[in-house]
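Can you keep this structure in mind? I'll have questions shortly.
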2 protein chains.
Amino acid sequence: MSWPTLQQLRYFVAIADSGSFSVAADQQFVSQPALSAQIKELERKLGVTLFERTNRGVLLTTHGVGVLKRARVVLREVVGLIEATMHDGKRLRGEIGLGVIPTFAPYILPDVVRSFKAAHPDAELRIFELKTNDLLDSLRRGEIDLGLLALPVFSDEFLCAPIAEDKFLLAMPSNHELAHTKSPIKLEKLRGERVILLEEGHCLRDQVAQVCQLAFSEPSEIQATSMATLSQMVAAGMGVTLLPECAEKVEAGSGRGIVTRRFAGQSTSRTIGLIWRRSWPFTEMFTDLAEQIGKNKRFSQTANVQK
Amino acid sequence: MSWPTLQQLRYFVAIADSGSFSVAADQQFVSQPALSAQIKELERKLGVTLFERTNRGVLLTTHGVGVLKRARVVLREVVGLIEATMHDGKRLRGEIGLGVIPTFAPYILPDVVRSFKAAHPDAELRIFELKTNDLLDSLRRGEIDLGLLALPVFSDEFLCAPIAEDKFLLAMPSNHELAHTKSPIKLEKLRGERVILLEEGHCLRDQVAQVCQLAFSEPSEIQATSMATLSQMVAAGMGVTLLPECAEKVEAGSGRGIVTRRFAGQSTSRTIGLIWRRSWPFTEMFTDLAEQIGKNKRFSQTANVQK
DNA sequence: CCAAGACATAACTAAATCTTATGATACTTT
DNA sequence: AAAGTATCATAAGATTTAGTTATGTCTTGG
């Protein structure tokens with residue numbers, strides 16, 4: 001008897017569900033040849049062809065249908081084993097996967113990790129930097145257990161809890177004309193400014209773009225691949241940007257050639273929050289955690305939870 | 001979420017069942033540190049200690065008990081998947097493990113493989129040379145699916161089917177006084193001869209020793225580690241031995257300095273047979289196979305199935 | 001107090017797995 | 001039709017995982 005591996009079964013189910021090696025490969029964060037090889041191996045061990053390969057994807061064979069049903073049972077049992085073991089109702093333990101979006105990771109992760117460790121000393125955090133969409137996919141498939149991202153997320157597969165509000169600040173080069181303004185800046189001042197955005201795929205880009213629209217401002221053509229690049233571009237005088245408050249200390253600290261100013265009135269912001277699978281037992285663990293992080297955070301002195 | 005591997009679960013169950021890392025390591029044919037490492041990894045991933053290590057073995061912790069129950073379910077489901085997939089009721093397919101005892105392997109394996117391939121063209125044989133006890137353990141644990149050994153085996157976990165009788169011949173150096181006898185030799189002639197045996201652990205050793213006892217002959221102190229060594233010892237004049245007929249052509253072919261003679265009367269023999277788990281669906285596949293092998297065998301022209 | 005047996009640790013080796021680059025084939029678009 | 005763009009397969013090389021042998025630590029029984 002030749003035993004398949006759980007990984008082969010996971011890959012098989014992912015391909016069967018998506019109907020495509022390539023799509024499943026993206027989902028599973030491996031290359032497509034890796035799947036080809038593993039499925040080939042699985043087929044060899046079982047002695048049946050599982051997929052009918054076409055040029056527009058793949059189709060399950062009759063054998064594939066049978067194996068799929070049983071593979072799902074196996075995987076469900078394993079998930080059951082894991083979920084039943086990795087907590088005692090109050091505290092997590094073992095290896096917990098946490099996904100964080102790139103525009104939060106460098107700034108608030110330290111606080112999150114600190115609060116997490118305090119609340120769940122027997123758990124071992126494994127952190128993945130993922131953009132919102134990938135994060136949700138990963139969460140859905142059980143590759144990670146917890147996400148740190150900007151709320152809201154509209155999906156009934158998940159539950160979430162807010163941690164704090166993260167206001168947007170105007171960030172400009174030190175020699176900018178608005179740099180010497182003492183009072184909060186009105187949103188309308190954005191009009192006519194070249195606002196640099198992050199590249200596609202970052203939720204922060206969309207949020208900032210939306211604010212620009214609100215101010216009838218046309219964002220710059222220039223795109224930055226990361227917050228670090230973005231702030232350097234601003235420092236270099238290529239334009240201004242809306243910097244999340246949580247990133248202020250790191251990206252606009254003294255001596256970096258960047259000045260930040262708050263906006264006047266009802267300020268625009270994004271909500272920092274935790275998200276997890278609805279199926280996770282004991283949701284309280286995570287709502288409590290979100291509250292603790294909000295309470296003990298250091299990344300932003302002024303932000304306050306908006307209920 | 002961090003996934004355990006099926007291998008870790010198998011190791012875990014083996015250790016839990018045997019109550020010892022070392023014993024389980026032997027069973028699984030890996031070294032004890034390999035188990036230590038895998039269990040450590042499993043414990044890390046789950047965040048619980050599974051065993052209480054003592055100096056007289058190990059004991060399941062309360063967490064261990066819970067995981068054990070679920071791990072069994074997982075493994076059972078996987079076995080179900082495999083067994084449901086790897087045959088269509090008539091023919092096997094995929095990777096089939098066959099265990100063969102060392103005193104059969106070199107001589108009758110070719111015939112077995114030939115018959116097997118003819119009957120199950122879509123299956124891929126994977127052959128393991130194992131002494132009877134290890135073979136049965138392997139079979140029990142699903143590492144192999146089929147065994148080729150000397151019957152009878154007393155255990156209701158297994159089913160078996162006879163293939164052929166394998167008579168014992170007297171093998172002696174060409175210059176031996178009995179070498180020129182034309183007629184079958186009486187068993188009593190063994191008395192006084194130095195009969196060389198295989199080393200401990202080979203079932204053939206026990207069978208031959210029993211025959212010697214029957215003939216009131218005291219086996220030699222000398223032991224051979226394999227049939228090949230054994231026949232060379234005989235050729236070198238160190239003694240005589242009882243050679244299974246199936247090995248005659250290979251070990252006592254012309255020019256090897258060994259002469260073989262049949263015994264008179266009701267000849268002593270061992271039964272060549274197939275064995276498999278009782279739980280295997282469609283036993284007919286294997287009884288048919290045993291019959292085919294017996295019918296198409298070439299390793300021994302004179303042997304006949306004794307029903 | 002020593003020897004034996006149990007599991008853990010360390011250093012090294014072997015094997016399984018993944019990645020990148022490339023190939024083959026069939027639709028789609030121009 | 002020719003070119004382009006999907007698809008999955010294959011190949012070569014790098015990486016990671018798992019396993020082996022040798023050794024250490026601790027307990028127990030003689």
Side-chain angles (χ1 to χ4, degrees), chain A residues 2-46 48-61 63-64 95 97 124 126 128 134 138 141 143, chain B residues 2-46 48-61 63-64 95 97 124 126 128 134 138 141 143:
Chain A
S2 161
W3 294 68
T5 67
L6 280 181
Q7 194 162 46
Q8 283 160 359
L9 296 185
R10 275 208 313 277
Y11 286 174
F12 166 66
V13 171
I15 296 169
D17 284 345
S18 64
S20 153
F21 277 61
S22 345
V23 173
D26 282 351
Q27 277 185 6
Q28 301 285 323
F29 302 109
V30 291
S31 65
Q32 167 262 313
L35 292 197
S36 282
Q38 289 302 314
I39 296 302
K40 191 177 183 182
E41 174 66 10
L42 180 61
E43 290 180 325
R44 189 189 64 73
K45 286 197 256 199
L46 294 178
V48 296
T49 302
L50 295 169
F51 294 113
E52 194 180 312
R53 276 81 158 170
T54 80
N55 291 73
R56 202 191 313 304
V58 291
L59 223 63
L60 275 177
T61 61
H63 289 135
E95 211 173 67
E124 191 179 326
R126 220 183 150 84
F128 301 86
D134 290 343
S138 272
R141 290 195 301 275
E143 287 159 13
Chain B
S2 160
W3 294 68
T5 67
L6 281 180
Q7 193 162 50
Q8 283 161 0
L9 296 184
R10 275 208 311 278
Y11 287 175
F12 166 65
V13 171
I15 296 168
D17 285 344
S18 65
S20 152
F21 277 60
S22 345
V23 173
D26 282 350
Q27 276 184 6
Q28 302 284 324
F29 301 110
V30 292
S31 64
Q32 167 262 312
L35 292 198
S36 282
Q38 289 303 313
I39 296 302
K40 190 178 185 183
E41 174 65 11
L42 180 61
E43 289 179 326
R44 190 188 63 73
K45 287 197 256 198
L46 294 178
V48 296
T49 302
L50 296 169
F51 295 112
E52 196 181 310
R53 277 81 160 168
T54 80
N55 293 73
R56 200 187 320 301
V58 292
L59 224 62
L60 276 176
T61 62
H63 291 135
E95 211 173 68
E124 193 179 325
R126 221 184 150 84
F128 301 86
D134 291 343
S138 273
R141 290 195 302 273
E143 287 159 11

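Proteins come first, then strands; the chains are lettered A, B, ... in the order of their sequence lines, and each starts at number 1.
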Global bending angle along the helix from C:dC1-D:dG30 to C:dT30-D:dA1, which compares the axes of five pairs at either end, to 10 degrees: 20°
Interatomic distance, B:Leu59 CG vs C:dC7 C1' [rounded to whole Å]: 14 Å
Where B:Ile15 and B:Ile39 come nearest, the two heavy atoms and their spacing: CD1-CG1, 3.5 Å
Atom pair CD (B:Glu95) and NZ (A:Lys45), whose distance is rounded to the nearest 0.5 Å: 7.5 Å
Base versus backbone protein contacts along nucleotides 18-30 of chain D [heavy-atom cut-off under 4.0 Å; B, S, -]: SSBBB---BSSS-
Plane angle bin for B:Phe21 and B:Phe51 - parallel if under 30°, tilted between 30 and 60°, otherwise perpendicular: perpendicular
For atom CD1 of A:Ile39 and atom P of C:dC18, their distance in whole Å: 11 Å
B:Ser22 vs C:dC7: side-chain N/O to OP1/OP2 distance below 4.0 Å: yes
Nearest-Å distance for atom pair NZ/C1', residues B:Lys45 and D:dT17: 10 Å
Between P of C:dT25 and CD of A:Glu52, the distance in whole Å: 18 Å
Presence of salt bridge, B:Arg44 and B:Glu41, under 4.0 angstrom: yes
OP1 or OP2 of D:dT7 under 4.0 Å from side-chain N/O of A:Arg53: no
Side chain proximity check, A:Phe128 to A:Asp134, heavy atoms < 4.5 angstrom: no
Check: B:Glu43 side chain, B:Leu50 main-chain N or O, donor-acceptor pair, under 3.5 Å: yes
Closest non-hydrogen atom pair, B:Ala14 against B:Gln28: CB-NE2, 3.4 Å
N/O (side chain, B:Lys40) to phosphate O (OP1/OP2, C:dT9) under 4.0 Å: yes
Atom of A:His63, atom of A:Thr49 and distance for their closest heavy-atom approach: CB-O, 4.0 Å
Whole-Å distance separating the CG atom of A:Leu6 from the P atom of C:dT17: 12 Å
Nearest heavy-atom neighbours spanning A:Phe12 and A:Gly64: CZ-O, 3.5 Å
